[in-house]
Colleague: 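My questions will all concern the structure given below.
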Amino acid sequence: MNKKIITKTPKKIRIYGAGGHSQVIREVLEDDGYEVTETYDDKPSGRHYASKNVTSGARENMDGFTHDGYPVIIAVGKNSERAEIADLLKSDFGKVIHKSTIIAPTAKIGDGTVVFAGAIIQPNTIIGEHVIINTGASIDHDNVIGDFAHISPKAALCGHVEVGEGSHVGVGAVVIPTIKIGKWCTIGAGAVVLKDVPDYSTVVGNPGKIIKTKSLNLEHNNTLKPSNITFIGSGISSSFTLLHFLDLLENHKEKRKIRITIIDKYQEFHTGIPYGERSGFSVHLITSLKNFLPEPERSKFIYWLNNNKNWLLDELKKDGGKLSLDWINTHIDKIEHNDWEDLFIPRRFFGWYINEKVKKRLEYFKIKGVIDIDYINGEVIDINRENDNYSLSLRDKKTISSEKVILSIGSLPVRYLWKNEPLVEEKELLFINNPYTPKLTRVLNQIENFVEKKSNKKINVLIVGANASGLELLYKLNDIENIKSRINKFIVLSTQGILPDAVINEERRKKYTPFNLQALVKEKNVTAKIIAEATYKDLDYADEIQLGAASTVDIISKAFGSLLNKLSPEELKKFACHYGNEIGRRQRCAGFHYSKIVDELKKEDRFAHITGRFSDLKQNAIGEYSLEYLDTKSKENKTYEDTVHVIINCVGSTDLTKNDTPELLKNLINKGYCTPNDSKIGLEVNESLEIYKNLHVVGPLLAGNIFDGKAVWHVEHCGRILWLSQVLSKKINAYFFEKSELKEDPL
Ligand SMILES: Cc1cc2nc3c(=O)[nH]c(=O)nc-3n(C[C@H](O)[C@H](O)[C@H](O)COP(=O)(O)OP(=O)(O)OC[C@H]3O[C@@H](n4cnc5c(N)ncnc54)[C@H](O)[C@@H]3O)c2cc1C
């Protein structure tokens, strides 16, 4: 039965991956007379010391990759990563089978699969593509093992077992006959699986217990059926609106089936940019949980955190480096005692929570027959009103019709600083215009590759913008040892020359009074400008007594309370559009763990902060770049003394007056469906949050509006998003259930 399956001649092969798993594959291949012509790897930090002549960055330059060369074996242990690479490569894939394996002639093995020493595969078993059958694994008759699965050493699968795509069966696990394990599951080491396992679940112990079932990977059905409500964008703004709307649905006696469509240009739903895959697991909230999420949602989230903390911390450890471990060690006591309120938790924790919650609620209402739900992965680029409905056009030319549309597309995109591309790589420069595109981990890999290639050189990194994103990038660069150790100097350029504030100083706060605002309380004739100027003075005073501006946020907000009520509607609007954001910018904050990095780098003399505005880059004779900037204090044009090699743009979003406004918004503005307000970052809406009949907005684009007499100038904070999504959900509910013609059409 000993069968060796190697398909391609001549016996030359390429290996993608240079870690420990790659070493095993190489030895099996070389033992079998293969010549490994090339080895690729995208993560220098994951490379095994024995790997030689490794080519970096193939994944970042797939157009330049020689797809039609010798067959490739993807030697990457993480199943999801193997799947991602397989998707990108257009190459032939080889198979790797150790001489000592026992494989039944009737068994089938897919391309890209590796079977290591001592493994046994019995008759009629089908093994998919890019699977790992590890050392000594035993797979009995009639099994079906899905693509990208991994059966670990000494795992034993009895007859008629099915293992779904991407699932990982741990070392020594036992699976009894006829069990079906879903896709992307994890079966812990030594687990004994006695029952079927649903998709995305983790099983541990003997007898095996399901300890969690993730719900992040939603199926995209991409149906284009006419819809009652379509959400464009699937971040927390649309997710909260949906949750509130579903709560209201529950209270109706008369039911009517509502078809809901959710469209997002990114493949992940119900997390948005900051709380999902695009940000990764090891970046944190800019405030404590207490200041991030209002009650009652906070208590529900904390309950969920307590039940899920073990795997959440595991994911944080996997994604992060030394700084993430430090964060866990510093806070482990509080975490163990379920004391989360003061922690600046990883943002992704919240993303998982919301995703799971929305999906469960949607499934519940679907089962009850109250809603139908469709997910579409695509970018909406235009909307047209046709016969009382909207027709939405997607970039891939599909269209979908909807009665009501909710524009929940988040903040305006990042303003590009240099060249019109998310990332520009040259021999001496890596310029990153948007660190979250396609996702932060990918961009960090590219930085790691770039600095590794320059190992004989002193690399300087420039971060443009001193906001929370700027500090976040500084934190992540220092979290990855391979990057940190290769960087000579970290330079921040910002117009104010001030970093976001780190901690709320409770003691100093007690002594602080916003005297200038308080003095206005008795004034009869106040204007937006008078309130703003008093606020600036109170913030200057906070600076004088060295109370960081972040500590003043709620004190100032409280002082605004009665003063803003005195403003005429026109003056309140002026405050929302002109002054609110300016004040907000002075009160930026970030967590202590972020700002601590700056102190450490300062001690090592590796940090510089330039007060100025980016102008251009100047190239010298050997191709290196220097920064040209306008010194915002002296108003002189200057060139920075050191050359810079990695530049990360963290200046923030564009505005609606600029050419780089997204295509969808440009089209809506040109058609007269919406009007940007004076804030330049928000759209004018009515009290139903409509920009046009049945075309609503929720989230950051609501900036510069007044709701219930309250001015909003910055709709980024989760609490404010939650409030406005509640307002919108009530309007949607009233539309569908208070219209008499709908009541005549019950289920
Ligand atoms: C990096 C980062 C960190 C942040 N950290 C914090 C924090 O710590 N605390 C805090 O309170 N706030 C934070 N914020 C603020 C944040 O913007 C809001 O909290 C919130 O994410 C906004 O939610 P949203 O759903 O409106 O937008 P998003 O999360 O941006 O979601 C919008 C979605 O719309 C999709 N989309 C856009 N255009 C289209 C289109 N034309 N067709 C289809 N889909 C489209 C996008 O892919 C995206 O998934 C942070 C923001 C960022 C970017």
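These numbers come from the heavy atoms of this one structure, side chains and all, not from hydrogens, waters or symmetry mates. All figures in this text were calculated on a predicted structure; none of them were measured in a lab. Throughout, numbering of the chain's residues begins at 1 and tracks the sequence. Every number for a ligand or one of its atoms is a count from 1 in the order of the listing.
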Colleague: On the ring face of F281, is K318 found with NZ or CZ under 6.0 Å from the centre and within 45° of the axis?
Modeller: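 Cation-pi check for K318 and F281: fails.
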Colleague: Would E277 and Y266 count as having a side-chain donor-acceptor pair, cut-off 3.5 Å?
Modeller: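 Note: E277 and Y266 side chains meet the donor-acceptor criterion.
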Colleague: Any cation-pi pair here, K357 with W352, using under 6.0 Å and within 45°?
Modeller: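 Cation-pi check for K357 and W352: fails.
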Colleague: Taking 4.0 angstrom as the limit, do R347 and E472 come out as a salt bridge?
Modeller: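 Answer for the salt bridge query: yes.
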Colleague: State whether the shortest distance between N or O atoms of E716 and N or O atoms of ligand 1 falls below 3.5 angstrom.
Modeller: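 Yes.
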Colleague: Nearest protein heavy-atom contact for atom 48 (C) of ligand 1: which residue, which atom, what distance?
Modeller: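 The closest one turns out to be D264 OD2, 3.5 Å.
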Colleague: Assess V380 for proximity to ligand 1: is some non-hydrogen atom of it under 4.0 Å away?
Modeller: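 Judged by the 4.0 Å heavy-atom criterion, V380 does count as contacting ligand 1.
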Colleague: For ligand 1, note which part of V698 has a heavy atom under 4.0 Å away: side chain, backbone, both or neither.
Modeller: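 Neither; nothing of V698 gets under 4.0 Å from ligand 1.
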Colleague: Just let me know how V283 lines up against ligand 1, side chain, backbone, both or neither, with a heavy-atom cut-off below 4.0 Å.
Modeller: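 Under 4.0 Å from ligand 1, V283 contributes no heavy atoms.
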Colleague: At under 4.0 Å between heavy atoms, which part of A468 makes contact with ligand 1: side chain, backbone, both or neither?
Modeller: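 The answer is neither.
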Colleague: Looking only at N/O atoms, are S279 and ligand 1 under 3.5 Å apart anywhere?
Modeller: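 No; every N/O pair is 3.5 Å or more apart.
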Colleague: Any pair with a residue in residues 654-666 that passes salt bridge (Lys or Arg N to Asp or Glu O under 4.0 Å), sequence neighbours left out, goes on the list, sorted by first then second residue, please.
Modeller: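 Listed by first then second residue: R395-E663, D655-K658.
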Colleague: Tell me whether the NZ or CZ atom of R385 lies within the 45° cone about the ring axis of Y390 and under 6.0 Å from its centre.
Modeller: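 Yes, a cation-pi geometry.
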Colleague: Which is it for S408 and ligand 1 at heavy atoms under 4.0 Å: side chain, backbone, both or neither?
Modeller: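 For S408, only backbone atoms sit under 4.0 Å from ligand 1.
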Colleague: Is there any N or O on R278 that sits under 3.5 Å from an N or O of ligand 1?
Modeller: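 Yes.
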Colleague: Between R298 and E341, does any NZ, NE, NH1 or NH2 come within less than 4.0 Å of an OD or OE carboxylate oxygen?
Modeller: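 Here E341 pairs with R298 in a salt bridge, since their nearest N and O are under 4.0 Å apart.
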Colleague: Under a 3.5 Å cutoff, is there a donor and acceptor pairing between the side chains of E295 and S299?
Modeller: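 Checked: E295/S299 side chains pair up, N/O donor to acceptor below 3.5 Å.
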Colleague: Who's the nearest protein heavy-atom neighbour of atom 7 (C) of ligand 1, and how far?
Modeller: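 Answer for atom 7 (C) of ligand 1: I286 CG1, 3.6 Å.
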Colleague: Does K671 have any salt bridge (charged side-chain N to carboxylate O under 4.0 Å, His left out) partners at least two apart in sequence or in another chain, and if so, which?
Modeller: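 Checked K671 against salt bridge (charged side-chain N to carboxylate O under 4.0 Å, His left out); matches are D382.
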Colleague: Could you tell me whether I236 and ligand 1 have an N or O pair separated by under 3.5 Å?
Modeller: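 Yes.
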Colleague: Please determine whether any non-hydrogen atom of G378 lies less than 4.0 Å from an atom of ligand 1.
Modeller: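 The answer is yes: ligand 1 sits under 4.0 Å from a heavy atom of G378.
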Colleague: Within the structure, does C718 bring an N/O atom to less than 3.5 angstrom of an N/O atom in ligand 1?
Modeller: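 Yes, there is a polar N/O contact under 3.5 Å.
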Colleague: Report yes if some N/O of E379 lies less than 3.5 Å from some N/O of ligand 1; otherwise report no.
Modeller: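 Among all N and O atoms of E379, none is under 3.5 Å from an N or O of ligand 1.
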Colleague: Are any of the N/O atoms in K265 less than 3.5 Å from those in ligand 1?
Modeller: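 By distance alone, the answer is yes.
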